[in-house]
Amino acid sequence: RSNMSLVNRTIAVDVLGVGLGEGQLDASGSYHLPSGRFSANVSGTRLTIAGSDPAKLPLNAQFDVELSGNGTIESPDAQGFVDFSRLSWEGYEIGAARVDIDAEGDTLELKGRAPYLAASLHARVGLEEPRSFAADISIDEGSLSRLIRHVESPELAGTLSMRVYATGT
């Protein structure tokens with residue numbers, strides 16, 4: 001379903017809804033042709049990503065998403081989140097996870113948490129050249145048996161705490 005209009009050189013989408021299997025994706029927004037300014041809202045529930053060929057797409061996830069933004073393509077402002085009820089990568093179970101997203105001008109900030117692994121992430125990424133980044137990844141008393149599942153060894157017991165900080169371009 002959708003409802004779109006063009007009034008005073010502004011394209012407006014009041015609603016654009018798409019059913020995707022069990023999930024639903026809805027969007028609305030506007031774009032002013034002379035100025036290039038936009039505003040947009042996207043929300044999705046029970047969306048699924050699952051590759052039929054894990055070698056090409058090793059991600060398996062179900063998630064909800066909320067994003068809203070405005071500005072111009074050159075200088076966007078956007079906020080939102082992706083909330084995973086299920087997330088795995090190459091068969092490695094990450095569990096439920098959430099990533100909060102904040103884009104302002106030429107910087108994207110991500111804050112994430114994966115409680116099953118006791119892991120958190122805080123990253124800042126430049127959206128313009130040289131596309132620099134800084135990421136701080138922490139595990140705080142994560143269960144060894146959950147973190148290291150693909151190692152052939154006797155049952156692991158104990159916890160792991162660590163912090164990794166990376167920067168680059």
Would you check if [X] and [Y] make a side-chain contact, meaning some heavy-atom pair closer than 4.5 Å?
{"X": "L117", "Y": "I139", "value": "no"}
{"X": "Y116", "Y": "I94", "value": "no"}
{"X": "I101", "Y": "L110", "value": "yes"}
{"X": "L20", "Y": "T48", "value": "no"}

Treat each ILVMFWY residue as a node, draw an edge where side-chain heavy atoms are under 4.5 Å apart, and state whether [X] and [Y] are in one component.
{"X": "V15", "Y": "V7", "value": "no"}
{"X": "F84", "Y": "L25", "value": "yes"}
{"X": "I73", "Y": "V125", "value": "no"}

* Please report the C-alpha distance between E141 and L160 in whole Å, then the side-chain angles of each, then the deciding distance to 0.1 Å, and finally whether the side chain to side chain contact (heavy atoms under 4.5 Å, CB included) criterion is met. => CA-CA 5 Å; E141 296 186 14; L160 172 71; over 6 Å; no

Please output the side-chain donor-acceptor pairs of residues 58-71 that fall under 3.5 Å, not counting sequence neighbours, one pair per line with the distance.
residue : atom : partner : partner atom : Å
N60     : OD1  : R86     : NE           : 3.0
N60     : OD1  : R86     : NH2          : 3.0
D64     : OD1  : R46     : N            : 2.8

* Asked: Distance-only, no hydrogens or angles: does the S88 side chain make a donor-acceptor pair with backbone N or O of G91 under 3.5 Å?
  ->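 No, because the side chain of S88 does not come within donor-acceptor range (under 3.5 Å) of the backbone of G91.
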
* Is the backbone N or O of L147 less than 3.5 Å from a side-chain atom of Y92, with the two atoms forming a donor-acceptor pair by type? ->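 Side chain of Y92 to backbone of L147: a pair is present.
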
Could you list all the salt bridge (Lys or Arg N to Asp or Glu O under 4.0 Å) pairs where at least one residue sits in [range], not counting sequence neighbours?
{"range": "residues 115-134", "value": "E109-R124, E129-R131"}
{"range": "residues 114-123", "value": "none"}
{"range": "residues 71-81", "value": "none"}

Partners passing salt bridge (charged side-chain N to carboxylate O under 4.0 Å, His left out) against [X] (at least two apart in sequence or in another chain):
{"X": "D140", "answer": "none"}
{"X": "R113", "answer": "none"}
{"X": "D106", "answer": "none"}
{"X": "R9", "answer": "none"}

Closest non-hydrogen atom pair between [X] and [Y], with its separation:
{"X": "S75", "Y": "G105", "result": "OG-CA, 4.0 Å"}
{"X": "L108", "Y": "A103", "result": "CD1-CB, 4.0 Å"}
{"X": "A97", "Y": "L87", "result": "CB-CD2, 4.1 Å"}
{"X": "A118", "Y": "G142", "result": "CB-CA, 3.7 Å"}
{"X": "A50", "Y": "L57", "result": "C-CD2, 4.4 Å"}

Going by atom type alone, with no hydrogens or angles, which donor-acceptor pairs under 3.5 Å involve a side-chain atom of residues 31-42 and a protein atom two or more places apart or on another chain?
residue : atom : partner : partner atom : Å
H32     : ND1  : S35     : N            : 3.4
H32     : ND1  : S35     : OG           : 2.9
S35     : OG   : R37     : N            : 3.2
S39     : OG   : S30     : OG           : 3.0

* Asked: Between NE2 of H122 and CD1 of I137, what distance do you get to the nearest 0.5 Å?
  ->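 So the NE2 of H122 and the CD1 of I137 are separated by 12.0 Å.
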
* To do: Starting at CD of Q24, measure out to OG of S43 and round the result to the nearest 0.5 Å.
  =>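 Q24 atom CD to S43 atom OG measures 8.0 Å (nearest 0.5 Å).
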
* Asked: Can you pull the side-chain hydrogen bond (donor to acceptor under 3.5 Å, both in side chains) pairs that have at least one residue in residues 159-169, sequence neighbours excluded?
  ->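 Matches after skipping sequence neighbours: D136-R163.
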
* Sequence neighbours left out, what passes side chain to side chain donor-acceptor pair (under 3.5 Å) with S145? Give chain and number order. =>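 Applying side chain to side chain donor-acceptor pair (under 3.5 Å) to S145 gives S143.
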
* Who passes side chain to side chain donor-acceptor pair (under 3.5 Å) against R98, sequence neighbours left out? ->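 Side chain to side chain donor-acceptor pair (under 3.5 Å) check on R98 returns D100.
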
